[in-house]
J.: 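Can you keep this structure in mind? I'll have questions shortly.
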Amino acid sequence: MSILIDKKTRLMVHGITGREGMFHASQMLEYGTKIVAGMTPGKGGEWVLDGKVPVFDTAKMAVEATGANCSVLFVPAKAAADSMLEAADAGVALIVCITEGVPVQDMMQVRSYLDQRGTRLVGPNCPGLLTPGECKVGIIPGHIASAGGVGVVSRSGTLTYEVLYALKARGLGVSTCVGIGGDPINGTSFVDALEMFEDDARTDSVVMIGEIGGSDEERAAEFISDRMSKPVVGFIAGRTAPPGKRMGHAGAIVEGGSGLAVDKIKALEGAGVKVAEHPDAIAELVAERGRKARRRVKR
Amino acid sequence: MSILIDKKTRLMVHGITGREGMFHASQMLEYGTKIVAGMTPGKGGEWVLDGKVPVFDTAKMAVEATGANCSVLFVPAKAAADSMLEAADAGVALIVCITEGVPVQDMMQVRSYLDQRGTRLVGPNCPGLLTPGECKVGIIPGHIASAGGVGVVSRSGTLTYEVLYALKARGLGVSTCVGIGGDPINGTSFVDALEMFEDDARTDSVVMIGEIGGSDEERAAEFISDRMSKPVVGFIAGRTAPPGKRMGHAGAIVEGGSGLAVDKIKALEGAGVKVAEHPDAIAELVAERGRKARRRVKR
Amino acid sequence: MKLHEYQSKQLFAQQAIPIPRGRVAMTAAEAKSIAEELRGRVVVKAQVLVGGRGKAGGIRLANSPEEALEIATQILAMQIKGLPVRKVLVDEAANIQAEIYLGVTNDRAARRPVMIASAEGGVEIEEVARTAPSKIARLHVDPLLGLREYQARDLAASIELPREHWRAFIDIARGLYEAYRECDATLAEINPLVITGAGTLLALDGKMVVDDNALFRRPKLAEMRDLDEEAAAESEARKYGLSYVKLDGDIGCMVNGAGLAMATMDVIKLAGGAPANFLDIGGGAGADKVAAALEIILSDKSVRAVLLNVFGGITRCDEVARGILMALQDVPLSVPMVTRLVGTNEEEGRRLLAAKDLPTATTLAEAARLAVAAARQGVAA
Amino acid sequence: MKLHEYQSKQLFAQQAIPIPRGRVAMTAAEAKSIAEELRGRVVVKAQVLVGGRGKAGGIRLANSPEEALEIATQILAMQIKGLPVRKVLVDEAANIQAEIYLGVTNDRAARRPVMIASAEGGVEIEEVARTAPSKIARLHVDPLLGLREYQARDLAASIELPREHWRAFIDIARGLYEAYRECDATLAEINPLVITGAGTLLALDGKMVVDDNALFRRPKLAEMRDLDEEAAAESEARKYGLSYVKLDGDIGCMVNGAGLAMATMDVIKLAGGAPANFLDIGGGAGADKVAAALEIILSDKSVRAVLLNVFGGITRCDEVARGILMALQDVPLSVPMVTRLVGTNEEEGRRLLAAKDLPTATTLAEAARLAVAAARQGVAA
């Protein structure tokens, strides 16, 4: 098992004929993801990726013709809101928006509409999802993770890769890696992902990678304390970031008093989470917890 | 029993300090309706109707202070959309909008929002509700109906009174009378009301009064045919109306081909509904069905 | 409120929908000078608020300014379905390659706006809808989100519009939806939306109906009302918030509530008579409204009897009675009048009328019988 | 993007929010002539994009045009929190009876706009929120419906605003929400919103922050960016779509992804060093972006070593390597540089760099150690 994506995922790629869309679609295909459709208005009828993937003009047509149940978006920021709504209306259950730079007011409207319909969104401004050995939706390099029992959820993109890389180096496999993205308004929160990992039979521990800004990590700490039985290892980026300075993501603005790394770390530690000092230490902590768990089992 | 309103209804009256609001609030109070609050922005703190009803500035305050669970609106058309949204946000479960002349695009937005929240609306442009002997919400004259087993649902206002009057004259009592209003976009449809009457233990037969325009009656016919066990007597106003002429209600525009009285009557008769030729005949048909039912019981 | 073609197209143009160059003219001379400005062939189109102008000869092509003068002279002398033509629109003639239908209206059943498109525009859309429903594409719009670009694209794909026209079609569809929103319309349609020889899209004809209930917040649209196009009695009625439609019979009706008014007409017919009008005095009608309503009814010379049917809800019977008595001070009652007042404050209302010797009925059927008899007596006398 | 007070207030005025009469001045002489126009007492306010102007002496009252000249001269010579004052706003002085706070921003947790009001405006709203949270009223807005009149009224009632000011407050709140919507703001606030001696409401100070991601559709706002207020390196970075913030240390960082960039800074600190900057080259960064980033880092004279940390996702390692090599053709590498490339096409990227004798590391900790050592050697040398 895994969460969100697996071998049954039938993927549609929005913006497949663009440079990034095409590059990552070929990477996903190579990884083994079932890409059933591409979507680029005006290019319907073409076949791409060595004639393996048909392109459609509209998401509705793509879903009707191929039974796609998941959409991944490589579209310009100004088209992202429209593409998310289009995918939801076409009936896919899961939308993964890689696009960064989506206006935040667009996201509030999109979330409101998607919530009404019960469509799950991951992102925007995220690296997507990876269930090692089964399915990759997004841009996480496939070769840096192997299958296993560690669930990974992260607000960051490349920092996540660091962690996957270190886990693999220690022989630790991953159930699913969920990049939720760093934008202030997004689809899937830490709590959403933790809840899914808690319920997932394959996942036996979770790594959670947060950042300064917002209070999603604090809510996650509350959830972990109240509801999680599985061990969680955490990391918060931005301990040395000067308060109030904007750090690339809108999500990284330190909002008056709350949102500081120190508060998030305190909240997580209060919930029993082992918080790593630097990214390389995460894998070490996961391995340690694993050893302890095994020791407990042995006794 | 009855539907929508009864002795437990705790009513808030929007626009209670206006001329119509005050007149009908006093009529409702006299009838025995529990009016727990009035609502007029800027008049909070006053007491009206011989000091029996406190007035609040906002619906939220009124609901918090009095536990109102139903709102009736006597507000100007341009304030109606706002008042419906306000009542819904304040948490009442049932809103009855008497106001006529509400812009139709406002109603589409309001319905969309109310549906998200699960708030029931009756109206706008309707006479409201009457559960004889228990509660009156709106402007239906109380003295023209007595308690009994006939459920009445109608798109019309005054035509409904005709029917109630005739039913009473024949000694036939009413469980609840629901004026759904004649506007093209409204809250409660014929099907909604029929469904509630079908499930209501007190109601043993139903009178349904339609009009030309739209296709709500046709959908009701389908529902009656598929789901109703109780006898239904119908009437459709506008047999002699020239097609395409606007008849006061936006709801009475005959929309290209469908919406004609003849089609509605045919649909209802096809569903086993006895359709009266003129309003006075409705009560007669109800009485007749009642006699037949009693004869069936006797045999 | 219906808008003229030229008004609708102006509103479309405000949303960047391409329309033909052209202007409206009140006289043939004006039409000629517009044709001179436009150069080349022009179309002269009667501006009346009824359908079927084309079949009636109200839309004609002119090859020169002189011909435009001649045709405009003829059209401005026409009546179409009883309405005199007072204005013509003079538009540059278009080179038409294909005709599309595009419209947006309220879907009562779905409780949201619906956009409708068909590759077979130009003819009666209802006819296509009836005979070949698969050729009509329908798309519902979330009233809180509006028409999104992808939806307009879905529509273009649904009617199999050639892809080179998608961009233009999407912009026009979104513009049309905006016009519908901004004008509180109940209908906004372009028929035909043409593909020209130059490969562009052009709104050749336009129609809008505006929600009367929303005119309070659309003052510029309220000013567009064409008083010329309304019967004087209907304009007068509207001034007092009354809803009046002239019909062919001889029994004037004054009723509160549209449903009861229609039922009253039905019952008059069942009693062997014919209603002279539909008149709904509405809810909460005061004495002044009732007085105005009576004046309007009595100003119709074919009226031989009046049936006043009021069941008191918002409108109280005593107010109605006072309105009648007030109106009778100004308007001598030239025909018999049967009144029926039931409901709120009914005794007081009946008492007031009885004091002035006005006959009253209790049931609707009785009232209709009395009115029909009174009208016949009038004819006999 | 932060807007100046005078810009924010202009945008508020477009939504019919009452603001004091006044104008912005670039020179003291201009300030004097504005004071002459306005007559009476004026307030001279430094226009800089930082808080705490008042405490720093950047907001002062002038009783005459001469005094305005003198004060403007002083303020225009000031630096506030390191930023030189280049403009002053000269506003009519108001007769203040009470100060309210009113603002709208995005609530991340609720995923919708939140409107915040307090009867205790004028002071730091965060302070009130911390010490007396009950004095802050919060109201969430449905992003599809917008701020409705009843909600603004609820807010007025929540802060116990005297009823005679409700109408004005409701209009201002709805105007502020419109400004927030129309400008794609992430923050729009009026602090203080004052009740004047004449009993009117007036937006005495205003602040807006606009979503940079939405500037593509707000061209008029994009023009409002004050380039004077940004460090040259930050402006330069933005041109290339880079996110750059100057810091105090000596190790220049170039990283892809904000999270990894922050983690890299954290690890540098853990290794005993200090980062000279935050620099996120973003996703999909091509060679030109990387080259520009390197130029920006090397233009900082306190940089003694560079740590380039790229984990390839959207940005492919070979592209990054080519960017570095290209930049090195223009910019001689004046300090040691440690690179770390992992991820998509990593071998190709490393191969390209190794061919030019650039040192590479595999783990982040190792890279940080090497960079810190290199910076120290640089100091020792």
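Lettering of chains follows the sequences in order, A, B, ..., and the numbering in each one begins at 1.
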J.: What part of C/Q151 is in contact with chain A, defined as an atom under 4.5 angstrom from a non-hydrogen atom: side chain, backbone, both or neither?
T.: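 C/Q151 touches chain A through side-chain heavy atoms alone.
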J.: Go through the atoms of A/A79 and report whether side chain, backbone, both or neither lie under 4.5 Å from a heavy atom of chain C.
T.: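 For A/A79, no heavy atom lies under 4.5 Å from chain C.
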J.: I need the A/Q109 CD to C/D142 CG distance, nearest 0.5 Å.
T.: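 One gets 10.0 Å once the value is rounded to the nearest 0.5 Å.
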J.: With rounding to the nearest 0.5 Å, note down the distance linking OH in C/Y150 to CG in A/L85.
T.: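 The distance works out to 5.0 Å.
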J.: Should we say atom CZ of C/R39 is surrounded by more than 12 heavy atoms from elsewhere, each under 6.0 Å from it?
T.: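 Result for CZ/C/R39: open.
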J.: With a 4.5 Å heavy-atom cut-off, do C/W166 and A/D57 have their side chains touching?
T.: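 Yes, their side chains come closer than 4.5 Å.
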J.: Check whether any side-chain heavy atom of C/R153 lies under 4.5 Å from a side-chain heavy atom of A/E86, and answer yes or no.
T.: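 With C-beta onward as the side chain, the pair touches.
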J.: Is chain A contacted by the side chain of C/R163, its backbone, both, or neither, given a heavy-atom distance below 4.5 Å?
T.: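 Only the side chain of C/R163 comes within 4.5 Å of chain A.
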J.: Can you measure from NZ (A/K60) to OG (C/S158) and round to the nearest 0.5 angstrom?
T.: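 Interatomic distance, A/K60 NZ to C/S158 OG, rounded to 0.5 Å: 4.5 Å.
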J.: Looking only at heavy atoms, what is the nearest atom pair of C/R148 and A/D82, with distance?
T.: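 Result for this residue pair: NE-OD1, 3.0 Å.
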J.: Quick check on C/R218: does its CZ atom have over 12 non-hydrogen neighbours (other residues, nucleotides or ligands) under 6.0 Å away?
T.: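 Yes, CZ of C/R218 has more than 12 neighbouring heavy atoms, counting only those of other groups under 6.0 Å.
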J.: Please indicate whether C/E160 has more than 12 foreign heavy atoms, meaning atoms of other residues, nucleotides or ligands, lying under 6.0 Å from its CD.
T.: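 Check fails, neighbour count at 12 or below.
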